Number of protein chains: 2
Amino acid sequence: MSAKAVKLADVAKAAGVSQGTASNVFSRPELVRAEVRARVEETARQLGYRGPDPRGRLLRAGKVNAIGVVVSDDLTYFFNDPFNREFMIGLASACDERGAGVSLISAANRATAAWSVETALVDGFIVQCMEDGDRLVELARKRGLPFVACDIDPGGEASSIRIDDRGGARMAAEHLLALGHRRFAILSLELRNDGRVGLVDRARRVSAEYAGTRDRLLGYGDAFAKAGIDIDTVAIVEAFNDPAGAAEGAAALLDAARDATAVLAMSDVAAIALLAEAKRRGIAVPQQLSVIGFDDVPEAAASSPRLTTIRQPIREKGRRAGALILAGGETRHELLPVQLIVRGTTAAPFAA
Amino acid sequence: MSAKAVKLADVAKAAGVSQGTASNVFSRPELVRAEVRARVEETARQLGYRGPDPRGRLLRAGKVNAIGVVVSDDLTYFFNDPFNREFMIGLASACDERGAGVSLISAANRATAAWSVETALVDGFIVQCMEDGDRLVELARKRGLPFVACDIDPGGEASSIRIDDRGGARMAAEHLLALGHRRFAILSLELRNDGRVGLVDRARRVSAEYAGTRDRLLGYGDAFAKAGIDIDTVAIVEAFNDPAGAAEGAAALLDAARDATAVLAMSDVAAIALLAEAKRRGIAVPQQLSVIGFDDVPEAAASSPRLTTIRQPIREKGRRAGALILAGGETRHELLPVQLIVRGTTAAPFAA
DNA sequence: CTGTTAGCGCCTTCAG
DNA sequence: CTGAAGGCGCTAACAG
């Protein structure tokens with residue numbers, strides 16, 4: 001049909017005006033006399049001009065009006081993972097307010113990840129994942145665009161938004177200690193980016209690289225120490241933070257720590273998987289086993305029994321991350337508070 | 001710090017090569033002798049060159065490598081609505097395979113919607129919503145980019161992906177009729193874009209504008225007619241398809257149709273809200289009331305009792321929509337099949 | 001292999 | 001209010 005897209009210059013020539021005037025007709029109509037404007041609009045219509053091409057404008061203006069969100073998983077992760085979903089809702093609301101768009105960028109494929117980040121048309125990045133965070137942060141930084149790192153320490157001069165992981169973990173453990181528990185088990189997030197899962201020994205524990213995981217372990221340890229419990233005596237199982245990985249980890253943990261009366265899970269996804277595994281084994285929660293999660297995703301309030309957990313302001317995180325970028329990317333480090341939410345999965349131990 | 005971004009030309013000059021060669025160093029390194037390449041890369045580093053700017057490349061090449069998804073709600077809708085979440089997972093998987101990105105575009109704000117669509121940097125659009133679909137389709141069409149409409153009839157020469165709404169609805173009604181039900185009520189999606197909800201009379205029913213809603217009503221009617229039931233005798237309540245709106249609609253429907261033994265809900269979200277309202281009123285499902293949904297979102301299999309529904313291939317829809325755009329936007333109209341999924345919310349009527 | 005050149009489509013001075 | 005001209009940053013085509 002259309003051999004070649006008609007462009008602004010074509011319209012200008014056909015209408016007998018200069019290109020500058022034609023440009024004004026579309027972008028700043030108030031600067032053009034009504035009759036000229038009408039004539040230009042009419043010729044544009046006849047020629048089938050589709051309006052100013054954003055690409056040309058972009059090159060000139062520089063502002064894309066979109067935020068890129070980088071994760072190290074598939075794009076499907078954005079919609080599957082409850083935590084990320086909440087985060088994106090917060091981010092999306094910040095973008096909505098400012099009329100900005102959101103671009104989803106996956107860095108799952110290591111071969112193409114760099115290219116994706118290098119070529120993404122965005123005004124700034126949000127790196128929202130821990131796995132492989134360093135590499136992504138590095139790529140984003142290289143673009144020279146503002147970016148904010150969530151839940152990881154970006155080092156150098158980049159913004160970050162984190163929560164009080166250590167304090168939250170301590171609160172979780174203290175809650176269980178106050179209920180009278182003394183024999184614990186920990187269902188942990190990944191400690192470092194090597195794909196290993198399963199039982200964690202001391203050497204591995206202290207080798208933790210992911211800041212969030214490390215800090216939560218430290219927080220549990222703080223509480224244990226105050227109660228005279230050696231964290232080296234508590235079973236720790238490391239698991240991937242998706243339903244399948246968590247289910248596997250839950251099974252391994254229940255096998256490894258048969259005498260534990262309480263489990264500290266580092267995410268609600270993990271805790272919910274553990275709840276399912278406990279039910280499968282006929283272990284009554286909270287009567288025979290207390291379980292506490294972390295995050296307070298919406299699913300936590302809907303589980304059965306309803307999950308006791310540490311709430312972090314997930315949506316608020318997203319909002320702030322978006323606002324930080326949209327505001328121009330001034331470097332800031334924010335630490336958001338956490339809060340203990342007691343529901344139905346924790347109680348005093350059966351044989352206290 | 002950096003007064004002005006350093007660009008390719010600067011690097012080229014500083015390294016004493018032509019701009020073309022410098023370009024090759026970054027985009028097609030194999031064309032450049034190793035020693036020259038090293039020299040250029042070194043100067044680039046010293047100058048703090050951040051790599052080729054995607055904007056310049058974009059203008060030249062024209063391809064953005066991203067798909068825009070337009071909805072008429074907030075961006076938060078993408079992550080909140082179960083149906084859309086599933087759709088996006090399918091779309092995302094198609095994009096992942098081809099290394100394309102996804103841009104989320106909201107047209108909730110009528111004032112800025114046009115601008116958003118006109119300036120979005122994408123290779124094509126997917127319009128995935130019924131509300132205000134026409135206007136969005138029009139905007140997208142104007143851009144002259146490939147686009148595919150989901151669940152709405154775009155008219156003219158644009159692709160569409162739809163499901164057999166009428167057939168699915170008929171199957172739902174026939175299932176209930178086969179169980180022995182004769183007194184029905186319908187919890188309907190919106191009929192047209194005027195914000196009205198509540199009881200639907202005949203005049204309003206036949207005024208349905210949204211193709212999906214209209215066809216589902218027709219499908220129910222087909223089955224009713226065959227059983228000798230006049231659809232004008234069945235209570236129909238129109239409700240917004242979000243948890244709050246559906247809850248309201250569910251309450252109105254149960255008030256209006258106290259003698260109904262079965263409810264046909266046009267979405268699972270609506271059906272699940274109805275389940276909740278029935279429980280609140282002490283109405284046992286399926287003993288006192290049968291409920292059937294539409295869509296088969298993941299939540300349908302997790303409700304209690306588990307929801308009988310009409311399954312449509314939501315993810316497949318997303319996949320195909322994405323594939324259609326990525327393949328270049330050849331005009332096609334696809335009609336996907338639906339399927340009855342019998343679970344626990346339908347049974348023979350109590351007093352048959 | 002490397003250098004030169006000509007735009008991609010638009011917007012924004014700067015004169016008139 | 002309008003016209004002319006330059007350049008945003010890059011790459012492809014072609015000539016050496």
Side-chain angles (χ1 to χ4, degrees), chain A residues 2-41 43-44 47-65 115 118-121 123 143-145, chain B residues 2-41 43-44 47-65 115 118-121 123 143-145:
Chain A
S2 57
K4 199 101 172 69
V6 12
K7 57 192 177 194
L8 192 56
D10 303 331
V11 176
K13 196 186 302 176
V17 298
S18 81
Q19 191 175 326
T21 303
S23 171
N24 284 335
V25 169
F26 294 102
S27 303
R28 318 168 68 187
E30 70 280 6
L31 293 188
V32 182
R33 206 177 351 141
E35 77 192 55
V36 177
R37 198 192 324 153
R39 179 155 45 94
V40 172
E41 280 167 347
T43 31
L47 263 45
Y49 179 60
R50 304 187 179 289
D53 184 327
R55 297 193 305 253
R57 188 192 324 247
L58 174 63
L59 184 53
R60 198 86 187 62
K63 191 99 178 311
V64 182
N65 206 36
W115 190 81
E118 280 160 6
T119 63
L121 288 156
D123 298 318
R143 268 296 287 279
L145 295 176
Chain B
S2 58
K4 200 102 173 69
V6 13
K7 56 192 178 192
L8 192 57
D10 303 331
V11 176
K13 195 186 301 176
V17 298
S18 81
Q19 193 175 325
T21 302
S23 171
N24 284 336
V25 168
F26 294 101
S27 303
R28 318 170 70 189
E30 69 281 7
L31 294 187
V32 181
R33 199 172 6 131
E35 77 193 54
V36 177
R37 197 190 326 151
R39 179 156 45 94
V40 173
E41 281 167 346
T43 32
L47 264 45
Y49 180 59
R50 304 187 179 288
D53 185 326
R55 297 191 307 248
R57 177 182 290 163
L58 173 62
L59 183 54
R60 200 81 194 36
K63 191 98 177 314
V64 182
N65 205 36
W115 190 82
E118 281 160 6
T119 62
L121 288 156
D123 297 319
R143 268 294 289 277
L145 295 175

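All values derive from a computational prediction rather than experimental measurement. Lettering of chains follows the sequences in order, A, B, ..., and the numbering in each one begins at 1.
Judged by distance alone, the side chain of B:Arg143 and the main-chain N or O of B:Glu118 form a donor-acceptor pair under 3.5 Å. The backbone N or O of B:Thr119 sits nowhere less than 3.5 Å from a side-chain atom of A:Arg57 that would complete a donor-acceptor pair. B:Asp123 places no side-chain N or O within 3.5 Å of a backbone atom of B:Lys63 that could act as its donor or acceptor partner.
Rounded to an integer number of Å, the gap from CD of A:Glu118 to P of D:dC10 is 13 Å. Remark: P of C:dC1 and CD of B:Glu30 are 10 Å apart, rounded to the nearest angstrom. Summarising the geometry, the separation between CG on A:Leu59 and P on D:dC10 is reported as 9 Å, rounded to the nearest angstrom. To the nearest angstrom, C1' of C:dC10 lies 13 Å from CZ of B:Arg55. Distance CG (B:Leu121) to P (C:dC10): 13 Å, rounded to an integer number of Å. One can place CZ of B:Arg37 at 9 Å from P of C:dC1, the figure rounded to the nearest angstrom. Between the P atom of D:dT11 and the CZ atom of B:Phe26 lies a distance of 10 Å, rounded to the nearest Å. Taking atom CG of B:Asp10 as the reference point, atom C1' of D:dC10 lies 13 Å away to the nearest angstrom.
Side-chain atoms of A:Tyr49 and A:Leu8, non-hydrogen and from C-beta on, do get closer than 4.5 Å to each other. Side-chain contact check for A:Leu58 versus A:Leu121: some heavy-atom pair is nearer than 4.5 Å. A heavy-atom distance below 4.5 Å is found between the side chains of B:Glu41 and B:Val25. Put simply, the side chain of B:Arg39 reaches to within 4.5 Å of the side chain of B:Val36, judged on heavy atoms.
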Table of protein N/O atoms under 3.5 Å from nucleotides 2-6 of chain D N/O atoms:
residue : atom : partner : partner atom : Å
D:dT2   : OP1  : A:Arg33 : NE           : 3.3
D:dT2   : OP1  : A:Arg33 : NH2          : 2.6
D:dT2   : OP2  : A:Arg33 : N            : 3.3
D:dG3   : OP2  : A:Ser18 : N            : 3.0
D:dG3   : OP2  : A:Thr21 : OG1          : 3.3
D:dG6   : N2   : A:Arg60 : NH2          : 3.3

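Across all strands shown, B:Leu8 has heavy atoms under 4.0 Å from base atoms, whether or not it also approaches the sugar-phosphate. Within 4.0 Å of B:Tyr49, counting heavy atoms only, lie sugar-phosphate atoms of the nucleic acid but no base atom.
Here D:dT11 is the nucleotide among C:dC11, D:dT11, D:dG9 with the atom lying nearest to any side-chain atom of B:Ser27.
B:Lys7 has a side-chain polar atom (N or O) that falls below the 4.0 Å cut-off from OP1 or OP2 of D:dC8.
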